Each structure stands twice: as structure tokens, then as C-alpha cells.
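Only a predicted model underlies this, so the values are computations on that prediction, with no experimental measurement involved. Protein chains get the first letters and strands the later ones, always in sequence-line order, with residue 1 at the start of each.
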Amino acid sequence: MFCRKEGLPVFALCDCNNFYVAAERVFRPELLGQPVVVLSNNDSCVIARSEEAKLLGICMGDPEFKIRGLLHRHQVRVLSSNYALYGDLSDRVMKILASHFHLFDVYSIDEAFARLDDGIADPSGYAVMVAADVLKCTGIPVSIGMGPNKTLAKVANRLAKKNGGIKVLTNDQQIRMALADFPIEDLWGIGTGYYNRLAAMGITTALQLRELPELFFKQQMSVQGQRMYHELWGRPAFDLQLRAMSAKVVSISRSFSAYITEAELLCQAVSNYAWRLAEKLREQRLCCRKLEIFLLTSRHRSDQPQHFPVHTHQMAIPCNDAHGIVPVVVRVTRMLFQPGMRYRKAGIVATGLIPESEVQLNLFTQVRPKYSRLSSAVDRINASFGRGTLRMASEGSDTSWKMKQNFLTRHYTTRWEDIVTVK
DNA sequence: TCTGGGGTCCTAGGACCC
DNA sequence: TCTGGGGTCCTAGGACCC
């Protein structure tokens, strides 16, 4: 199934370089060459950095308030995250990549795996051509790594970033060399938990890790670890995911821009989240059978009382309309709320998902069509006039909890009034 | 006193990913 | 004062069934 001429790579990983920053630079060329960071929701943490920002010592996840002096001193350009822009540019990049690779698997907003066609005799030259085409068509630079499986294509990609954008691993000698000084914490499948355990044993490079017996992987890191073992030795254990799978969980959670201490305001905020969750379920044509509602106080404030309540609600009928979901979420939130607590975040997780079509076949769902037609009408209106044009009255009008985005760029590619004007 | 065995489904929690 | 959000997979253990 993975057969290909001996010594040639089978898998490619294409990864956009510093994607969020690159996406901003497409429409803000004055940011080229400047240190740039993109912040998470509420403008709280660094989630993307340009090369210039990395050189200043800014790390992923750094809270903005802790590095404010540094940002100011070096005139770092600070941006709020603009997911409408990133999502749209991601779609464009993926379309170009898909036109060059027959078998193709979108792995995340900025990454895709591909299997190389048998006819490609010069993988490295092919990768150069693909990367150039993506850059020409979208303005986004990509790095491409190739190897005999996904794990090693990931390793190659990491090396490609430091090596002109393309890296191909073809035989075990090259693989050995690549793994010899590859830090285990950068390996796909090694997070902080495994890293700490391995480092305590003196294992710090991917090559050292590979030398451990297969049983160690199996016992310490379960079957995923066992798959990693095979891939490190060049045998493929993860294939491409060629069919889009329907989501198993759909969730929405947000931190508030200020603490919430009143039940009323909290209910208004979760009412807004519940509405958005219902929209997301309808976008994916799914209905949920369960809703998990949770509240969080700030873990970083050990001087304040903590409260992390969770409640799971079973829906009588699988549901994806706001009229079924919002009242449940508000009722549960009222029940979970404890006076005296300063809530920082709330969220809703929809599980037990089934396709909309299966619900409509159910005998006991005669009440649905009315709300289903109402929801479709609301979705059409909001699609035309913008999200939030129609919403639930329970959401209220006090927006003090809403997300802070002080450095947001325009929706250049997805909103008519934000489109760039050429003089 | 001695109390089966094998299967499924569900859930909670822990690991990981970007 | 200020520390993101949305996912996946795996395992162990309990309930339940025949």
C-alpha cells in the first residue's frame, strides 16, 4: 500500500511559515522585515511571531502584559488575531497544494500532509516548484519536508525551516543524521508530559529515543507511542486521512475581558456562546444529544477563591437550534453560579453528535420542523447582514464581558467594505 | 466454603496536536 | 490588572447484558 521505488520519500508535509504573521503581511506589506506578533483572544498571549520577533526572544504563549516593555522598546508590531482572514487564506493555500498533490490531507489551518505520486522522479525539485506556486498565488511562504512517513516528513519539515524551505529524507543514513541532533520535544507526539519523563532518563534526542526497545514505547506511551517507534525506523504507521470525518465534539469557550461576578451578566454571556454553538452545529449539519456547561475562575489568582463547576445535560431530543440550546445553557449556568466567585471563563461542549438527517427521520421529533425553518431563516439573514444581526434577547446589551481586540486588522478577503482599493 | 466469562457501551481522565 | 481556543485518540473502570 505504501510501495514506492526504494529510496524515495512517500510523504510530504507542507507547512506555512509563521502563518498568522504571513497572512497579515499579505495585506500589510509595511510589516515585512519588521518584528510582528499576533495575540490570542482578549489580546492576552503571543500565538504567532515573525522571525524578527523570535530573535528578540519572544516565546510562544508569552502573556502580552509581561513582555509589554520589550514590545515597546523594539517597536514590535502587535496584532489581534483575525481568524476570518487566516481561515480564508488557509483555504486558498490548500486549494493550490491540492492541485499539485493527488492524495492530500489538510491537517490544520496551516499544514497539510500529502502522498507523492509515483511519477515524481525528483521530489526535491517538485517541492521547490510547489512552494513557489503557493507563494505566487497567495503570498504565503511554505516549507516542505519529505520522508518515508508522516513523523519523518514532520522532522524534515522542521529542518526545512532552517534550510531554505525544502528538505528531503531519503535513506536511513540521512534519517539517522537528522534524528541525531533533533530534540525530542520537537518530535510529533512528544508533549511536556513525555518530555519530562524522557529527559529524566537522560533521553534528549530523537535518535536516542529510537534506540529504546519497542516495548518501552508501548508501555510508556501506549499504541500511539508504538506507532511513533515504527515511524522513527522508517516504517509508515499513520496513513493519510483521505475522507473528511464528521466532528465528534463541537465546543465554544471564551475568556471574558473582565471578571464576571453577577449571575445575570454571566447568563447573558453564555447565552451568546450557546447561540454561536447552535450556529456551529448547523454549519456542520449535526445535532447534539448532550451539552456540557462549565465555568472557570482564574487559576492564576491563588489569592482568590476558585470554582470550576461542570454539568452535563442530556437533551430530550437531539438538537441544533438556539431555541432548544440557549434556555438549557442559561438554566444550568444559573445553577452552577456561586455568589462571591469571580468568573474568568465559560464554555459549552456539545457531544453525542449525530447527523441532522438522522434526527429528522425520528418519530418523536415533530416539534423540530418549526424551529428548524426559523433557524434557517435566521442563518440566512445573519449570513447576508453579518453575524449577530439577529440574536437572542437573553444575550442582553451589556457587552462589558466581550472579547478585547484592540489591534484587529480588516477582513480583507471576506467582507465587502474591507476590500482593498487600488488607486 | 466454594459464586463464570465474555462482550458492549459509556465515561472520566490523561496524553497529545495546532 | 492583564495568562487562548478547539480539537483528537487512548485507556481503565463501571454498568449492564446474556
Report which part of the nucleic acid [X] touches: base, sugar-phosphate, or nothing (heavy-atom distance under 4.0 Å, all strands).
X: Glu64(A); answer: nothing
X: Ile109(A); answer: nothing
X: Thr312(A); answer: nothing
X: Arg342(A); answer: nothing
X: Asp62(A); answer: nothing
X: Ala247(A); answer: sugar-phosphate
X: Leu39(A); answer: nothing
X: Tyr259(A); answer: sugar-phosphate
X: Lys404(A); answer: nothing
X: Ile348(A); answer: nothing

Practice prompt. Output all residues satisfying side chain to side chain contact (heavy atoms under 4.5 Å, CB included) with Lys154(A), sequence neighbours left out; order by chain, then residue number.
Written response: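 Partners of Lys154(A) by the side chain to side chain contact (heavy atoms under 4.5 Å, CB included) criterion, ordered by chain and then number, come out as Leu13(A), Tyr107(A), Glu111(A), Phe113(A), Trp188(A).
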Looking at [X], does any N or O in its side chain come under 4.0 Å of the phosphate oxygens OP1/OP2 on [N]?
X: Lys154(A); N: dC18(B); value: yes
X: Arg344(A); N: dG4(C); value: no
X: Ser253(A); N: dG4(C); value: no
X: Ser255(A); N: dG5(C); value: yes

Worksheet item: NE2 of His102(A): more than 12 outside heavy atoms within 6.0 angstrom?
Response: no
Worksheet item: In this structure, are over 12 heavy atoms from other groups packed under 6.0 Å from Lys150(A) atom NZ?
Response: yes
Discussion item. Both Val249(A) and Tyr83(A) contact DNA chain C. Taking the nearest nucleotide for each, which residue is further toward the 5' end?
Written reply: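 Final value for this comparison: Tyr83(A).
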Discussion item. Let me spell it out: for each of Lys248(A) and Lys66(A), pick the nucleotide of DNA chain C with the closest heavy atom. Which residue's pick is nearer the 5' end?
Written reply: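 This one resolves to Lys66(A).
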Worksheet entry | Side chain to side chain, Ser246(A) and Leu286(A), heavy atoms closer than 4.5 Å | yes
Worksheet item: Does any non-hydrogen side-chain atom of Glu24(A) lie less than 4.5 Å from one of Tyr86(A)?
Response: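 The answer is yes, as the side chains (C-beta and beyond) meet within the 4.5 Å cut-off.
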Give the rounded distance in Å between these two atoms: [atom1] of [X] and [atom2] of [N].
X: Arg301(A); N: dT3(C); atom1: CZ; atom2: C1'; result: 12 Å
X: Arg254(A); N: dG7(C); atom1: CZ; atom2: P; result: 10 Å
X: Leu71(A); N: dC2(C); atom1: CG; atom2: P; result: 18 Å
X: Trp401(A); N: dG4(C); atom1: CH2; atom2: C1'; result: 16 Å
X: Tyr194(A); N: dC10(C); atom1: OH; atom2: C1'; result: 9 Å
X: Glu292(A); N: dG6(C); atom1: CD; atom2: P; result: 14 Å
X: Gln220(A); N: dA15(B); atom1: CD; atom2: C1'; result: 13 Å
X: Gln226(A); N: dC9(C); atom1: CD; atom2: P; result: 18 Å

Taking the side chain of [X] as its heavy atoms from C-beta onward, which of [options] lies nearest to it?
X: Lys290(A); options: dC17(B), dT11(C), dT11(B); result: dT11(B)
X: Lys280(A); options: dG7(C), dG4(C), dC18(B); result: dG7(C)
X: Gln224(A); options: dT3(C), dC10(C), dG7(C); result: dC10(C)
X: Asn41(A); options: dG6(C), dT3(C), dG4(C); result: dG4(C)
X: Lys345(A); options: dG6(C), dG5(C), dC16(B); result: dG5(C)

Discussion item. Tyr343(A) and ring pair (Phe, Tyr, Trp, His ring centres under 6.0 Å): which single residue from Phe337(A), Phe308(A), Trp401(A) fits?
Written reply: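 One option only clears the test, and that one is Phe337(A).
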Worksheet, complete the sentence: Per the 3.5 Å Watson-Crick/G-U criterion and a run length of at least three, the stems involving DNA chain C are B:5-18 with C:5-18
Worksheet item: Is any NZ, NE, NH1 or NH2 atom of the basic residue among Glu231(A) and Arg227(A) found under 4.0 Å from an Asp or Glu carboxylate oxygen of the other?
Response: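 Salt bridge: no.
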Item to complete: Kindly say whether Asn406(A) contributes a backbone atom to a donor-acceptor pair with the side chain of Asp43(A) at under 3.5 angstrom?
Response: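 Here the side-chain-to-backbone pair exists.
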Worksheet item: For Tyr83(A) and Tyr20(A), what are the C-alpha separation, side-chain angles and deciding distance, and is it a ring pair (Phe, Tyr, Trp, His ring centres under 6.0 Å)?
Response: CA-CA 9 Å; Tyr83(A) 289 106; Tyr20(A) 296 170; 5.7 Å; yes
